[in-house]
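Given the structure is predicted, the values throughout are model-derived calculations rather than measurements.
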Amino acid sequence: MDFSALPDLASRAFGGGVVHANDEFFAAADHLVLPEAPGHAPKTFDHKGQVYDGWETRRRRTPGHDFAIIRLGAPGIVHGVDIDTAFFTGNFPPYASIDAVELSGYPGPEELAAADWVEILPKSPLKGDGRNLYPVADRRRFTHVRLTIFPDGGVARLRVHGEVVPDPELLPKVFDVAAAEYGATVVDCSNKFYGNPQRMLMPGLARNMGDGWETSRRRDDGNDWVLVRLAAPAVLRFADLDTSHFKGNAPGWATLTGIDARDRTFELLPRVALRPDTPHRFALWKAPEVTHVRLDIFPDGGMARLRLLGRADRAFLRARLGR
């Protein structure tokens, strides 16, 4: 599987943030975790020089290196990293490395400095003005990563792609088991021409029509669908089908089908009508524990968010955490 298709655990969309950077003279390290693609406005200067949408340190005149520590918004297992140097051409670092650590609570810079860091990416070459993708083999759970650049320079974004592994002790009894921030993911869909269905599982309200799942227009008698693997096996009670921002292109109807580990199917929500630009909440028919849910929309269109509220299998979540 292409690791870059996995969620970005460090993203600000999940609540990721930069805890500490030793230098950010030209551009703040906070840019590293922004979910949007980096941009650039040439010949745009402030009192420190050209404005960059990324992290940029000053030119070193002494031996050493620069670093930034990122708190993962969604702790988990890292499968690969993308060190994006977009628009940094004569000022990108020639090498970088990444370390990681798992710490409980909310450690500050002093605790992080004293932590036992694990190298997950050794010192590796970088190219300028482009993505630098490196797989990660270590399959332990981490909460923080440290990006080190040699010796100095600029990085636009750091993407830390992997599997979300939440702490079940910090989750309520009933929560959104379709949420990407807890480990749910889209495993298949019929069409994603205008928008990736994984966006439906992201936190918060959709910002616009581009922040959701949207299919192309069907010209046959079929319908579009998406299959979601839940964060944990769960007994579901409510579903939120949100068509916000989709006005002339909302689906006309929808159904929900649950699937268990033995591939048995259960009707959770019979065919219901949907309204444009509307958050809908539906009570679900009682069914046994399911591991996947299929959303069918008729005949096509766009969905901003999908929420599935239920009681998750706590033993499954603890096993994923190794407890």
*Asks:* Between Ile120 and Leu32, is there a shared hydrophobic cluster once you connect ILVMFWY residues whose side-chain heavy atoms come closer than 4.5 Å?
*Replies:* yes

*Asks:* Regarding Asp296 and Arg271, does a basic nitrogen lie under 4.0 Å from an acidic carboxylate oxygen?
*Replies:* no

*Asks:* Are any side-chain N or O atoms of Ser11 and backbone N or O atoms of Leu9, one a donor and one an acceptor, separated by less than 3.5 Å?
*Replies:* no

*Asks:* Could you tell me if Asp129 and Thr89 have a donor-acceptor pair between their side chains, going purely by distance under 3.5 Å?
*Replies:* no

*Asks:* Between Glu36 and Arg207, is the closest basic N to carboxylate O distance under 4.0 Å?
*Replies:* yes

*Asks:* State whether a side-chain donor-acceptor pair under 3.5 Å links Asp23 with Thr57.
*Replies:* no

*Asks:* Any salt bridge linking Arg199 with Asp211? Criterion: basic side-chain nitrogen under 4.0 Å from a carboxylate oxygen.
*Replies:* no

*Asks:* Are Arg59 and Asp152 close enough for a salt bridge, meaning some N to O gap below 4.0 Å?
*Replies:* no

*Asks:* In plain terms, say whether Arg157 and Asp53 are close enough for a salt bridge, that is, a side-chain N and a carboxylate O under 4.0 Å apart.
*Replies:* yes

*Asks:* Decide, yes or no, whether a salt bridge links Arg320 with Glu163 under the criterion of side-chain N to carboxylate O below 4.0 Å.
*Replies:* yes

*Asks:* Using a strict threshold of under 4.0 Å (side-chain N to carboxylate O), is an ion pair present between Asp240 and Arg281?
*Replies:* yes

*Asks:* Looking at Glu289 and Arg311, does any basic side-chain N land under 4.0 Å from a carboxylate oxygen?
*Replies:* no

*Asks:* Do Phe88 and Val33 belong to the same hydrophobic cluster, where Ile, Leu, Val, Met, Phe, Trp and Tyr are linked whenever their side-chain heavy atoms lie under 4.5 Å apart, directly or via other members?
*Replies:* no

*Asks:* Is the side chain of Asp176 donor-acceptor paired with the backbone N or O of Leu308 at a distance under 3.5 Å, no angle test?
*Replies:* yes

*Asks:* Go through the structure and list residues passing ring pair (Phe, Tyr, Trp, His ring centres under 6.0 Å) with Phe175, not counting sequence neighbours.
*Replies:* Tyr182

*Asks:* Sequence neighbours left out, what passes ring pair (Phe, Tyr, Trp, His ring centres under 6.0 Å) with Phe26? Give chain and number order.
*Replies:* none

*Asks:* Please write out which residues are connected to Phe45 in a hydrophobic cluster, directly or through intermediates, given that two of Ile, Leu, Val, Met, Phe, Trp, Tyr count as joined at side-chain heavy-atom separations below 4.5 angstrom.
*Replies:* none

*Asks:* I'd like to know if the side chain of Glu56 and the backbone of Ala156 have a donor-acceptor N/O pair within less than 3.5 Å.
*Replies:* no

*Asks:* What residues join Trp117 in its hydrophobic cluster, counting side-chain heavy atom gaps under 4.5 Å, either direct or through other members?
*Replies:* Val19, Phe67, Ile69, Val101, Leu103, Leu112

*Asks:* What residue among Arg294, Arg217, Lys192, Arg218 forms salt bridge (Lys or Arg N to Asp or Glu O under 4.0 Å) with Asp224?
*Replies:* Arg218

*Asks:* So does Asp46 pair up with Lys48, basic N to acidic O under 4.0 Å?
*Replies:* no

*Asks:* Which residues pass the ring pair (Phe, Tyr, Trp, His ring centres under 6.0 Å) test with Phe266, not counting sequence neighbours?
*Replies:* none

*Asks:* Okay, side chain of Asp277, backbone of Arg275: is any donor-acceptor separation there less than 3.5 Å?
*Replies:* no

*Asks:* Count I, L, V, M, F, W, Y as connected when their side-chain heavy atoms are under 4.5 Å apart, and connections chain through other members. Are Ile70 and Phe14 then in the same cluster?
*Replies:* no

*Asks:* If the condition is ring pair (Phe, Tyr, Trp, His ring centres under 6.0 Å), which residues does Phe87 pass it with, not counting sequence neighbours?
*Replies:* His40

